[in-house]
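Proteins come first, then strands; the chains are lettered A, B, ... in the order of their sequence lines, and each starts at number 1. Just so it is clear, the model here is predicted, and its values are computed rather than measured.
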Protein chains: 2
Amino acid sequence: MSHTQTQPTELVGRELILQEAARLFTRQGYNGISMREIAEACQMTKAALYYHFTNKQDLLREILKTYLSSMQQQLSLAKESSGSVRQRIYGVAHAIFDQNPQQRAVIHLIFVDAPHLEENLRGEIGCLYHDQFSGVLETILQEGIDHNEIVPVDPRLSAQLLLGMMYPFFHPRRALTSEETWTAVELILKIFFEGVEKR
Amino acid sequence: MSHTQTQPTELVGRELILQEAARLFTRQGYNGISMREIAEACQMTKAALYYHFTNKQDLLREILKTYLSSMQQQLSLAKESSGSVRQRIYGVAHAIFDQNPQQRAVIHLIFVDAPHLEENLRGEIGCLYHDQFSGVLETILQEGIDHNEIVPVDPRLSAQLLLGMMYPFFHPRRALTSEETWTAVELILKIFFEGVEKR
DNA sequence: CCTACCGATCGGTAGG
DNA sequence: CCTACCGATCGGTAGG
């Protein structure tokens, strides 16, 4: 019997390291996890980690780049879809929150740990984050302004605020049910588009 | 000539440690800063730190407790003031953003570093944060619902979302001007109360 | 508050 | 020459 379909738990080598390191970094922070702990989680030696990755920062970089690259594909689908701005932003929310919480938590790493990295890597991640993630949101919002669907706000700033409301739900610590998560997402989009004030 | 008014740069002992540790923790993260680095910033030995604080976690705890205690006083003034919900929430925003960026950054520590602390301390900080900070916002929002000023939303969740929008502006890295900060705060409150959708 | 240290662990690398 | 690691240890630093 041959298993042609690899289960997530059956990952080996480089892919296993990326998965386990992402899991540990999101739980304890980049500086709160040692290469030894990552190696133990992978049931490898520390040296095996350094065979696959130059150093600890390189490991984090690859986690973030891999994630952002896959997110861009999902987000682009939402961006190119037909429908109102609100519907397309809803598509973006689906691209983010249909992922399992562990994948989604990688965004949290970008918010929390990237700022503490050395200048070069921080800049590199910042560019990727904008090009492949927040920039997609900004483009949709700009189109909404151009088509007179939303009021003329700064797209960059308002994209940042929209993502800011989602930020707490990127962290996997307080494991919410799917229902709780979507209740929150619905309220986020309601507030972003309508606000809470009685009219 | 006697200087009865102490400048912030003239702090000594415990107060100096609290200030320098807060500054370093907010820049590099709790796990990214060593006790040795804090000692050097204070021009003390490491042992002097352990004279004033039990250990590294205790030092962080005292930073957060001191901050939350002073914030509660400010926030309570906003809560008890007369005016609409929107005006009182505006007062809360003033209490937060009239502080200098370094003080404000302590909230960032609560968001980013408290989750990685051990269970006991995390719970203690979480309770203080809710009692003295987010809970004040929730109360104001609940009153707004009771007085039919805003639509019936979950006060806890919506307070979290409002603070989520402010979150990026708690971090002192990208030092914004006061004007940029208030442009952002105005947009945050506009979105929270009115949304961005054309009507 | 300092000098003088500790057990252990850090990120990273050697030859095979 | 390669990929995919191993056991052991490097020079320094962590919190206490």
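- Nearest-nucleotide mapping onto DNA chain D: of A:A48 and B:N55, the residue sitting toward the 5' end is A:A48.
- The backbone N or O of B:I96 lies less than 3.5 Å from a partner atom in the side chain of B:Q99, making a donor-acceptor pair.
- To the nearest whole angstrom, the two C1' atoms, one in C:dG11 and one in D:dT9, are 13 Å apart.
- Within the 4.0 angstrom heavy-atom criterion, no nucleotide atom of any strand lies near B:L49.
- Remark: side-chain polar atoms of A:R122 are paired, donor with acceptor, to backbone N or O of A:L117 under 3.5 angstrom.
- In this entry the distance linking CD of A:Q43 with C1' of D:dC5 reads 15 Å, nearest Å.
- A:V196 has its side chain out of reach of B:L141: every pair of non-hydrogen atoms, C-beta onward, lies at least 4.5 Å apart.
- Not counting sequence neighbours, the partners of B:A78 by the side-chain contact (heavy atoms from CB on, under 4.5 Å) test are B:V92.
- Comparing A:Y51 and A:M44, the nucleotide of DNA chain D nearest to each residue sits closer to the 5' end for A:Y51.
- Remark: side-chain polar atoms of B:Q43 are not paired, donor with acceptor, to backbone N or O of B:E40 under 3.5 angstrom.
- Between the C1' atom of D:dA4 and the CD1 atom of A:I17 lies a distance of 10 Å, rounded to the nearest Å.
- Protein atom CG of B:N31 is 15 Å distant from nucleotide atom C1' of C:dG11, rounded to whole Å.
- Taking only side-chain nitrogens and oxygens, A:H52 never comes nearer than 4.0 Å to OP1 or OP2 of D:dA4.
- A straight line from CD of A:E37 to P of C:dC10 spans 6 Å, rounded to a whole angstrom.
- Distance from the side chain of B:A47 is smallest to C:dT3 among D:dG15, D:dC6, C:dT3.
- Between C:dT9 and A:S34, no contact under 4.0 Å exists linking OP1 or OP2 to a side-chain N or O.
- The shortest distance between the side-chain N/O atoms of A:Y50 and the OP1/OP2 oxygens of C:dT13 is not below 4.0 Å.
- For the pair A:E15 CD and D:dA4 P, the computed distance is 12 Å after rounding to whole Å.
- B:Q142 is listed as a side-chain neighbour of B:I145, based on a closest heavy-atom distance under 4.5 Å.
- Residue A:T45 places its side chain closer to D:dC6 than to any other of C:dC2, D:dC6, C:dG12.
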Secondary structure string for DNA chain C (Watson-Crick or G-U under 3.5 angstrom, | for other-strand pairs): ....||.|..|.|.|.
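- Closest to the A:R36 side chain, of the nucleotides C:dT9, D:dG15, C:dG12, is C:dT9.
- Of the C1' atoms belonging to D:dG12 and C:dA8, the separation is 13 Å, rounded to the nearest Å.
- Residue pairs that meet the salt bridge (charged side-chain N to carboxylate O under 4.0 Å, His left out) test with at least one member in residues 83-93 of chain A, sequence neighbours left out, are A:R86-A:E194, A:R86-B:E197, A:R88-A:E143.
- The main-chain N or O of A:F53 is never found under 3.5 Å from a side-chain atom of A:D58 such that the two would form a donor-acceptor pair.
- B:L117 places its CG atom 14 Å from the P atom of D:dG15, with the value rounded to the nearest Å.
- Donor-acceptor pairing under 3.5 Å, judged by distance alone, is present between the side chain of B:K46 and the base of D:dG15.
- The gap from the C1' atom of C:dG15 to that of D:dC5 amounts to 13 Å, rounded to the nearest Å.
- Counting to the nearest Å, the C1' atom of C:dG12 and the CZ atom of A:F53 are 15 Å from each other.
- Atom NE2 of A:H116 is separated from atom C1' of C:dG11 by 19 Å (rounded to the nearest Å).
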